[in-house]
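The basis for the numbers below is simple: all heavy atoms, side chains too, and nothing from hydrogens, waters or symmetry mates. For clarity, every value in this text was computed on a predicted model and none was experimentally measured.
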There are 2 protein chains.
Amino acid sequence: MVLSKACTYGILASLYVAREASRSRGYVSIGRMSEELNISFHFLTKILQQLTSAGIITSMKGPKGGVALRRDPKEISLVDVIVAIDGMGLFTDCLLGLPGCGEEKPCPVHDDWADIRASLFQAFRDKSLADTALRIDELNLRFALPTGAKAARDNAVIGRGRPE
Amino acid sequence: MVLSKACTYGILASLYVAREASRSRGYVSIGRMSEELNISFHFLTKILQQLTSAGIITSMKGPKGGVALRRDPKEISLVDVIVAIDGMGLFTDCLLGLPGCGEEKPCPVHDDWADIRASLFQAFRDKSLADTALRIDELNLRFALPTGAKAARDNAVIGRGRPE
DNA sequence: ATTAATTAAGATAAAAGAGTCTTAAATCAA
DNA sequence: TTGATTTAAGACTCTTTTATCTTAATTAAT
């Protein structure tokens with residue numbers, strides 16, 4: 001797996017918050033978000049805490065509490081979210097896990113992987129939450145996780161409502 | 001992690017066998033290979049069994065036994081090894097783990113990731129064990145895993161012998 | 001045939017990742 | 001102030017991956 005599950009959840013949640021932010025002011029409830037995205041509430045909470053300590057979101061306790069983006073969604077890239085949860089490893093580590101691999105002492109696949117991970121980094125550094133959230137609405141893209149195993153078919157899509 | 005540890009070990013082992021094959025005939029001892037690559041013998045054995053059942057290598061028991069490539073190393077690509085151990089997921093799955101993500105029903109990052117995973121596939125499909133093993137010798141590339149934690153510095157390199 | 005060397009295979013263990021549960025702390029509303 | 005709501009934090013469980021250990025099966029050499 002390229003991204004950890006926690007990281008993919010973090011991205012989906014960030015996009016969800018970015019979309020909500022463009023609709024109404026105020027904080028987005030984690031409980032509601034976990035239901036709509038079909039992500040375990042407590043697990044999601046932990047992930048959002050990581051995003052909080054990374055300075056990507058802020059949180060507020062109590063009624064009407066929840067989370068909100070800390071900066072303008074135009075200024076937050078997907079790389080920011082990925083790095084906050086999975087670290088820089090994807091963009092820096094040797095594909096074969098050989099420590100010390102680099103330009104001076106490359107591993108057998110260094111050159112190819114270095115190119116590819118660089119384009120990965122570039123693609124996701126240039127993709128802001130704002131852009132990506134906008135694309136979701138414009139193209140009516142897939143977004144939420146399926147509710148069950150079989151749900152891989154009747155794809156849940158935010159904005160159209162989800163099947164019970 | 002992009003590739004599982006088992007998969008990176010499988011690649012290193014395949015390259016090792018390819019290099020040995022170009023030197024002497026006969027089977028390559030798993031015990032010796034595990035020592036030189038600093039990979040746990042029993043774990044490596046299991047990985048090689050996967051490569052065996054995938055038709056990439058053959059094995060022989062008994063004295064002078066070991067493993068050998070089943071086909072011409074020019075005809076075995078890194079993709080073959082990766083797929084044998086980690087499956088096709090890296091080259092087919094949605095980055096965000098959304099099942100059903102595809103051209104018709106893309107996820108928010110589908111387009112970028114589809115490009116990148118395609119170039120990943122292409123790069124490693126066009127890289128044969130023969131080519132890669134040759135490059136190791138020509139450029140005196142890094143190859144083996146470090147023996148310990150600190151060994152990340154005094155990088156072990158096959159062909160120069162390893163420090164005790 | 002016997003023995004030593006070597007891979008195969010299965011059981012077990014340790015570590016990491018993913019997910020759940022409980023309690024505490026903060027906030028809002030009445 | 002009290003109570004309800006919501007996030008924070010830590011302990012705990014479950015699963016998968018990684019690694020080890022033991023025993024069996026096969027082969028070569030004597």
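- Summarising the geometry, the separation between CZ on Phe41(B) and C1' on dT18(D) is reported as 17 Å, rounded to the nearest angstrom.
- The residue Ser29(B) sits close only to the backbone: its heavy atoms come under 4.0 Å of sugar-phosphate atoms, none of a base.
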* To do: Go through the steps to decide whether Asp86(A) and Ser4(A) satisfy the test side chain to side chain donor-acceptor pair (under 3.5 Å), and finish with yes or no.
  => CA-CA 7 Å; Asp86(A) 278 354; Ser4(A) 70; 2.6 Å; yes
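- Each of Val28(B) and Lys46(B) has a nearest nucleotide on DNA chain C; the 5'-most of these lies closest to Val28(B).
- As rounded to whole Å, 15 Å separates atom P of dT6(D) from atom CG of Leu48(A).
- Between Tyr9(A) and Phe43(A), the ring planes are perpendicular. Angles over 60° get that label, and only those under 30° would be called parallel.
- Counting any heavy atom pair closer than 4.0 Å across all strands shown, Tyr27(B) reaches no nucleic acid atom.
- Remark: the backbone N or O of Val28(A) is not paired with any side-chain donor or acceptor of Arg32(A) at under 3.5 angstrom.
- With rounding to the nearest 0.5 angstrom, the CD1 atom of Ile47(A) is 13.0 Å from the NE2 atom of His42(A).
- Note: CD1 (Ile39(A)) to C1' (dT20(C)) measures 15 Å, nearest angstrom.
- Proximity of Ser40(B) to the phosphate of dT20(D): a side-chain N or O atom is located under 4.0 Å from OP1 or OP2.
- Contact check of residues 90-98 of chain B against DNA chain C (heavy atom, cut-off under 4.0 Å) returns no residues at all.
- In the interface, the side chain of His42(B) is paired with the base of dT22(D) through a donor and an acceptor atom under 3.5 Å apart.
- Using a 4.5 Å heavy-atom threshold, the side chains of Arg70(B) and Ile57(B) count as separate.
- Taking the charged nitrogens against the carboxylate oxygens, Asp112(B) and Arg117(B) have no contact shorter than 4.0 Å, which rules out a salt bridge.
- Whole-Å rounding puts the Asn38(A) CG to dG19(C) P distance at 12 Å.
- In this structure, the nucleotide among dT18(D), dA8(D), dA18(C) sitting nearest to the side chain of Phe43(B) is dT18(D).
- When the side-chain nitrogen and oxygen atoms of Tyr9(B) are compared with OP1 and OP2 of dA19(D), one or more of them lie within a distance under 4.0 Å.
- Looking at heavy atoms from C-beta onward, Phe91(A) lies out of side-chain contact with Arg125(A) at the 4.5 angstrom threshold.
- For Met1(A) and dT18(D), the CE to P distance is 11 Å, given to the nearest whole Å.
- A donor-acceptor distance shorter than 3.5 angstrom exists from the side chain of Asp80(A) to the backbone of Ser77(A), with no hydrogens or angles considered.
- The distance between atom CD of Gln50(A) and atom C1' of dG19(C), rounded to the nearest whole Å, is 14 Å.
- Pairs of residues two or more places apart, or lying in two chains, never qualify as ring-ring contact (aromatic ring centres under 6.0 Å, His included) while including a residue from residues 97-120 of chain A.
- Salt-bridge annotation for Asp111(B) and Arg135(A): present, with a side-chain N of the basic residue lying under 4.0 Å from a carboxylate O of the acidic one.
- Atom pair Leu44(A):CG and dT6(D):P shows a separation of 15 Å (rounding to whole Å applied).
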Produce the list of close N/O pairs, under 3.5 Å, pairing protein atoms with atoms of nucleotides 28-30 of chain C; give distances to one decimal.
none

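- Regarding Lys5(A), its NZ atom lies at a distance of 13 Å from the P atom of dT15(D), rounded to whole Å.
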